[in-house]
Novice: 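After the C-alpha cells below, expect a handful of questions from me.
The sequence lines fix the lettering, A, B, ..., with proteins before strands; numbering per chain opens at 1.
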Protein chains: 2
Amino acid sequence: MSTAPASERLLRIGEVAELTGTTPRTIRFYEEIGLLPPAQGREPGKRRTYSEADVERLRDVLRLKQLLNLPLEQVRELAEAESTRAALRREFVETEDPAERRRIVEAALPLVERQLELVCGRIAELRKLEDDLRERRRRLRARLRELDTA
Amino acid sequence: MSTAPASERLLRIGEVAELTGTTPRTIRFYEEIGLLPPAQGREPGKRRTYSEADVERLRDVLRLKQLLNLPLEQVRELAEAESTRAALRREFVETEDPAERRRIVEAALPLVERQLELVCGRIAELRKLEDDLRERRRRLRARLRELDTA
DNA sequence: TTGCTAGCTTACGTTCACGTAAGGAATGGC
DNA sequence: GCCATTCCTTACGTGAACGTAAGCTAGCAA
C-alpha cells in the first residue's frame, strides 16, 4: 500500500491552509469545534503540525460541506468516518489485535455509506433540476424560432 | 398551453409559505432584497397576494439556493430568468409587438444556460465525490473480508 | 358591530461560520 | 544572539439569512 513512513515531512498550518484553499483561522476553528482532531501531539502554545493524511481529511471535510451544503455540526458527524480512517493508519501500526481492527473498520463502513446516500440523493435532485432547465431552454428556443418564422 | 385565466385564485403569504416549505418572514425578506418581485399591485399596508406562477418562481429560487449553495445575491442574478418568464406571461397578453417578445426571450435564454452550466458543474463534482466514496467503501469491505479469512 | 385570525411594518435579536486585531512566543536564517 | 516570519491564544467584530416581538390593520364571520 501507500503507508508512507511517519517521517513524511510535517506541514504547518499556513501550508495546509494554502493547499486546501482555506485559512489558518478556519483550520483552528474546525479543530475547536471538534471537526478536525487536535493536531498530533503538540504541547500547547507550540505549533500545530500536519501530515499529508490530515490535508486529505480536511479536503474531504471541505468538499462535504460545500457540495452537500451541510452545517458543520452535520459534517462533523459524517466525518467521523475520516477520523476512523486516520485511526486505521495509526492503529494499524500500534495494534495487532484483529478484533480491534475489525471494530474500527466496522465503525467506518456505515459512515461512508451514509455519505454515499447523501451524495446520491443530492445528485438525483440536481439531475431533476437539470432536466427542468433543459426543458425550459427547449421552450425558449422554440419561441425564438416561432418569432423568426412569423 | 396552460396559461390559466388571471382569475386563478390568489394566495396569501401564509399559504405560499406552506406550499414552498418556508416562512412568511423569508418571503418578505426575499422581496425586500429584490429576489422576489413585489407582490402584484398592492397598496402598502394591505395584504400581498400571489399567483400559482409566483409559487413556482419561489420554488425555483429555493431550489437554486439549496442545491447550488449560492448566496442570495447570486441567486438573484440567476433568477432574473424566472422574472423574465413571468414577464413573458404578462407581456404575452399586454404586448403584441414581436420585437418586444423577442427581446424578452433573448434575455431569458442566457440566464437559463448559465443555470444549466452551474448545475452540470455541480453534478460533475458530486459524481467525483461519489466515485471516491465507492472506492473507499470497496476498500473497507475488502479489509473486512481479509479479517474474516485471517 | 364585534371578534378573531392572519398579515403589515419596524426594529432589534440570533445563529453560523468565520474575520480581525492585540500581544506574545516559536522557529529558521544570518 | 538577533531578527523577521509565522504561529499561538484570547477576544471581540462581522456579514448573511433569517427569527422574534410589538403595535397596528385587513378581512371575514357571526
Novice: Using only modelled atom types and a 3.5 angstrom limit, is any donor from either the side chain of B:Arg25 or the base of D:dG19 paired with an acceptor on the other?
Specialist: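 Yes, the side chain and the base share a sub-3.5 Å donor-acceptor pair.
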
Novice: Categorize A:Arg28 for me: base, sugar-phosphate, or nothing, with a 4.0 angstrom heavy-atom threshold over every strand shown.
Specialist: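 A:Arg28: base contact, heavy atoms under 4.0 Å.
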
Novice: From C:dC18, D:dC8, D:dC18, pick the nucleotide closest to the side chain of A:Leu72?
Specialist: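 Comparing C:dC18, D:dC8, D:dC18 against the side chain of A:Leu72, the answer is C:dC18.
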
Novice: Taking the side chain as everything from C-beta on, heavy atoms only, tell me whether B:Thr23 gets closer than 4.5 Å to B:Phe29.
Specialist: no

Novice: Tell me, do A:Ile27 and A:Arg48 make a side-chain contact under 4.5 Å, heavy atoms counted?
Specialist: no

Novice: Just how far, in rounded Å, is C1' of D:dA17 from CG of B:Leu35?
Specialist: 11 Å

Novice: How is B:Ile33 classified with respect to the nucleic acid when contacts are heavy atoms under 4.0 Å: base, sugar-phosphate, or nothing?
Specialist: nothing

Novice: Nearest to the side chain of B:Thr26 - D:dC8, D:dG19, C:dA26?
Specialist: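 Among D:dC8, D:dG19, C:dA26, the one nearest the side chain of B:Thr26 is D:dG19.
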
Novice: What is the nucleic acid contact for A:Pro24, judged by heavy atoms within less than 4.0 Å: base, sugar-phosphate only, or nothing?
Specialist: nothing

Novice: So, using side-chain hydrogen bond (donor to acceptor under 3.5 Å, both in side chains) as the criterion, who are the partners of B:Glu52 when residues are at least two apart?
Specialist: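 B:Glu52 satisfies side-chain hydrogen bond (donor to acceptor under 3.5 Å, both in side chains) with no residue once adjacent residues are dropped.
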
Novice: With a 4.0 Å cutoff (strictly under), does any side-chain N or O of B:Arg47 reach OP1 or OP2 of D:dT25?
Specialist: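 So the side chain of B:Arg47 is outside the cut-off, no N or O lying under 4.0 Å from OP1 or OP2 of D:dT25.
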
Novice: Classify the side chain of B:Arg12 and the base of C:dA6 as holding, or not holding, a donor-acceptor pair under 3.5 Å.
Specialist: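 Answer is no: no donor-acceptor pair is held.
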
Novice: Taking the side chain as every heavy atom from C-beta outward, state whether A:Arg42 and A:Thr49 have any pair of such atoms under 4.5 Å apart.
Specialist: no

